[in-house]
Structures are given as structure tokens and as C-alpha cells.
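Every heavy atom of this structure was used, including side-chain atoms; hydrogens, water molecules and symmetry mates were not. In listed order, ligands and their atoms are each counted from 1. Keep in mind the model is a prediction, meaning the values are calculated, not measured.
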Amino acid sequence: MKISKRNNIIIVAVAFMIFLLTLIDYISIRRVTAERVLMDTAVRITVYGLGRDRKKLEIAVEEAFGEIARVESLMSSYITDSDVSRINNAGGAFVAISAETANILETAKRVGELTDGAFDVTLGRVMKLWDFTGSEPTVPDESTVNEILTGSGNDKIEVTYNDATETYYAQFTDTRAMLDLGGIAKGHAIKQAARLLRARGVKSGIIDAGGDIVVIGNKKGKPFKVGIRSPDGDGILSVIKADDTSIVTSGDYERGFVQGGVLYHHILDPKTGFPAGGTRSVTVVTHDPTIADALSTALFVMGSDTGIALVDQLDGVEAIFIDDTGVTHLSKGAAGILEPKE
Ligand code: AMP
Ligand code: MG
């Protein structure tokens, strides 16, 4: 077959076009994004990197989901052989646990102290009584709640390290206590996922686990924009400028049920065993997502006055409260990280 000169030129031009397009893809920024349901939440991971690294980015994203699943397998009370379930089912005996779970329990206890008991990971039995995740939850009897509450408190869980066995152990000092790490485990999970992504060379990305967010770096030199949603579900109230930080929100709209026209939500005041009043949502912005998660739950319980007074004493922590009248309250530095309103 003879190829004419004209056809030759066309072939060369097409080959050059293909080469050029491949080159552009190779050196320009591409987005890799995926979503999985983990920890009972839709988790979306998005990373940005060069086109030539796309395959590597895809693998890193998969590994990051794997990290979240791994944390879930340690800390979920729904998984029977998790550290948390083994502690809950040990009847007060010593249980060998991972260093990671031990660390989270210690952190939880510290946040419990810092917040005057507003954060309490031993509310497991009270949470079970409310059964927010059940098919037909109802308001429990107040005297039953009070009775169960006497068996909870951060002092009811002890963590020790045994030098001889080089192992951490946890033990309940009250057999009625039950762990529920629902207020902190997700923060830790996204922290580990972000750590994995950074270790794989990711310089820009965002992990969003249903409102618990970690932002890695920024987006082409500009901060990522993260919206604070209205508790009533009608849009975004304000926008946070986020650069290499975490943004975690606790809201009354996340889980709960309505009975007699009243919303009973899943964030309990450890003093009463009933849903904490006065607040609709709290967003915490700080570098460590584990702290952001635990604090957002605790601050929700504390309310805006006491909560902001505490946050203003902490370095590198900002909070945005929306109270039950719809008014927004900001910690001292929060205005500086919000997009100005038009
Ligand atoms: P979050 O969405 O991070 O505010 O976490 C709420 C979850 O934390 C609930 O579903 C419970 O599992 C747990 N929880 C509820 N109240 C408290 C509390 N006062 N302290 C610690 N954990 C809590
Ligand atoms: Mg929380």
C-alpha cells in the first residue's frame, strides 16, 4: 500500500497531537476521588496530584480507606472482636489492647478533664438505652437513665502499660460502665487516613467523613473552602478557609428521633443522660482531627458561653457555635478563618 505525502503529514500531526495531550495530562494537576461507607458514614476522599502519578494516587486513596476500616475494626462497638467490644464484654477484667486504642482512651480522658466531664466515653450503656440507631427508638424512663448514669464517668476506665509484656491493658473499675468511642474514633480514623496520604506523597487533598474533615495542604496555593451547613438543612451558613487543618462538626441533625414534637438527638449531657440542650451545632477547627472530634462533642454539651471561654484559652483551636435560636457565636480567632460575607 502506498501512503501519499498528504496522508503522511496527517499521520504525523495526529501522532503529535496524541503526544501533546499525553504530555499535558502527565504534567497537569488531576483530581482523584472516591467514596466508601465506613464507620456508618459516607466517607469521601479527594486528592490532587500530577497526572503522571494518577495510579499512585488511586492506590494511596484505597490505602487511606483501609486505614479508616482498620481504626473501625479496633474501636467500633458493633464489631465483636474490636478492642472496645472486648473491653465492654470483659466484665471488668483486664483486657490487652492496641497502643492506638490506649492512646485514644487517654486522649478521651484528657478531653473529659479539660471539659469538666462534658466529654465522656463511658456513656455506652446510656447510649444503648436511647438506641438512636434502632428502628423504633423511644425516650427512656428518667429514673432508668439516672440509675445507669451512676455507672459511668471517665474515671471508670483505667489504662495501664505493662513493661514486662510491653502491652497496654484497659479495665473498668465499675462493671456497669460501657465504652462508646462514637465521639472521637472518626476523628482519629481520618487523622490516620491523612497521615497515610501524606506518607504517600500527597500534598493536597480532603477527607470528608460526614462532616468530620481533614484538609491536606491547600488547593493550588489557595485555602480549601469548607461550608458550615445550616442545622435546618437549608444550605450553607458560612464558609471556612482551610489550609492543612481539620474541621469537625457535631450537630443535633446527625442522628436522633422526634417524639411528641421534640427532637431527641445523640449528643448526651453526661450530667443528665439526656440530649444536651441550647446548641444546634458546633464546628471546631484545629490541626489535630482527634482533638477536633472530641472537642466538638464536648463543646456541644457545654454550650456557647462556657464553650467559647474554654476555646479562647486553647492555642490553635477555633469554634463556631450555632445555638438553638439560630444565632452564631464565634471564638476569638474564628472570624479570621471565615470567608467574609457579601
Ligand atoms: P459526634 O458526632 O462526634 O458529636 O459524636 C456523637 C457520638 O458520640 C454519639 O453518637 C455517641 O456515640 C457519642 N457521645 C454522645 N454523647 C457524648 C458525650 N457527652 N461524650 C462523649 N461521647 C458522646
Ligand atoms: Mg465528636
Side-chain angles (χ1 to χ4, degrees), residues 39-43 71-72 75-79 82 84-85 88 104-105 107-134 137 140 145 148-149 152-157 177-191 208-214 229 231 246-257 263-286 288-303 306-307 317 319-322:
M39 303 184 101
D40 216 13
T41 311
V43 184
V71 171
E72 183 176 20
M75 297 178 199
S76 165
S77 52
Y78 299 104
I79 296 174
S82 70
V84 165
S85 293
N88 281 344
I104 291 305
L105 289 174
T107 306
K109 282 162 77 88
R110 272 209 314 280
V111 175
E113 266 169 46
L114 185 73
T115 59
D116 198 21
F119 192 70
D120 183 350
V121 284
T122 67
L123 290 173
R125 209 171 291 280
V126 191
M127 282 300 289
K128 222 173 171 169
L129 186 68
W130 278 96
D131 194 24
F132 291 107
T133 49
V145 173
I148 291 181
L149 260 194
S152 67
N154 290 311
D155 57 333
K156 304 284 194 307
I157 178 86
M178 197 185 237
L179 281 178
D180 176 346
L181 297 186
I184 188 170
K186 225 196 287 170
H188 175 66
I190 57 174
K191 178 177 176 170
D208 182 350
D212 288 21
I213 294 167
V214 185
R229 59 172 280 194
S246 67
I247 302 111
V248 176
T249 300
S250 288
D252 69 358
Y253 47 83
E254 283 168 345
R255 184 165 287 164
F257 61 91
L263 172 69
Y264 294 91
H265 62 79
H266 68 144
I267 302 172
L268 301 181
D269 183 341
K271 289 199 174 81
T272 63
F274 273 71
T279 309
R280 301 291 317 273
S281 81
V282 180
T283 300
V284 175
V285 184
T286 194
D288 185 335
T290 311
I291 300 295
D293 192 4
L295 268 184
S296 70
T297 309
L299 293 172
F300 189 106
V301 173
M302 295 172 92
T306 328
V317 182
I320 296 123
F321 283 73
I322 299 165

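- Residue-ligand proximity, Asp180 to ligand 1, at heavy-atom distances under 4.0 Å covers atoms 11 (C), 12 (O).
- In terms of N/O distances under 3.5 Å, ligand 1 is not approached by Val301.
- Residue Ser250 has at least one N or O atom closer than 3.5 Å to an N or O atom of ligand 1.
- Looking from atom 13 (C) of ligand 1 to the surrounding protein, the closest heavy atom is Gly183 N, 3.8 Å.
- Between Leu268, Thr297, Thr249, Thr122, it is Leu268 that holds the heavy atom closest to atom 16 (N) of ligand 1.
- In this structure, atom 6 (C) of ligand 1 lies nearest to the protein heavy atom His266 CE1, 3.5 Å.
- A 4.5 Å side-chain heavy-atom check between Ile184 and Thr107 finds at least one atom pair inside the cut-off.
- Between Ala118 and ligand 1 there is a heavy-atom distance shorter than 4.0 Å.
- The contact set between ligand 1 and Leu123, taken as ligand atoms under 4.0 Å from a residue heavy atom, comprises 17 (C), 18 (C), 19 (N).
- Our summary of the site lists the angle at the Mg ion (ligand 2) between OG1 of Thr297 and O of Gly183 as 100°, to the nearest 10 degrees.
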Practice item. Could you check Phe257 against His266 for ring-ring contact (aromatic ring centres under 6.0 Å, His included), going step by step and ending with a plain yes or no? Key: CA-CA 9 Å; Phe257 61 91; His266 68 144; over 10 Å; no
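- Taking every heavy atom of Pro270 and a limit of under 4.0 angstrom, the matching atoms of ligand 1 come to 19 (N).
- Of all N, O or S atoms in Asp293, the one lying closest to the Mg ion (ligand 2) is OD1.
- More than 12 heavy atoms of other residues, nucleotides or ligands shown are found within 6.0 angstrom of CG on Asp131.
- Taking distance alone, with nitrogen or oxygen atoms compared against 3.5 Å, Asp293 approaches ligand 1 more closely than that limit.
- With ligand atoms numbered from 1 in the order given, ligand 1 contributes 9 (C), 10 (O), 11 (C), 12 (O) to contacts under 4.0 Å with heavy atoms of Met127.
- For Glu254, the heavy-atom gap to ligand 1 drops under 4.0 angstrom.
- Residues His265 and Phe274 place their aromatic rings such that the two centres sit no closer than 6.0 Å.
- For the side chain to side chain contact (heavy atoms under 4.5 Å, CB included) with Thr115, the lone residue among Leu295, Leu299, Val301, Asp120 that qualifies is Leu295.
- Within the cation-pi definition used here (under 6.0 Å to the ring centroid, within 45° of the axis), Arg229 qualifies as a partner of Tyr253.
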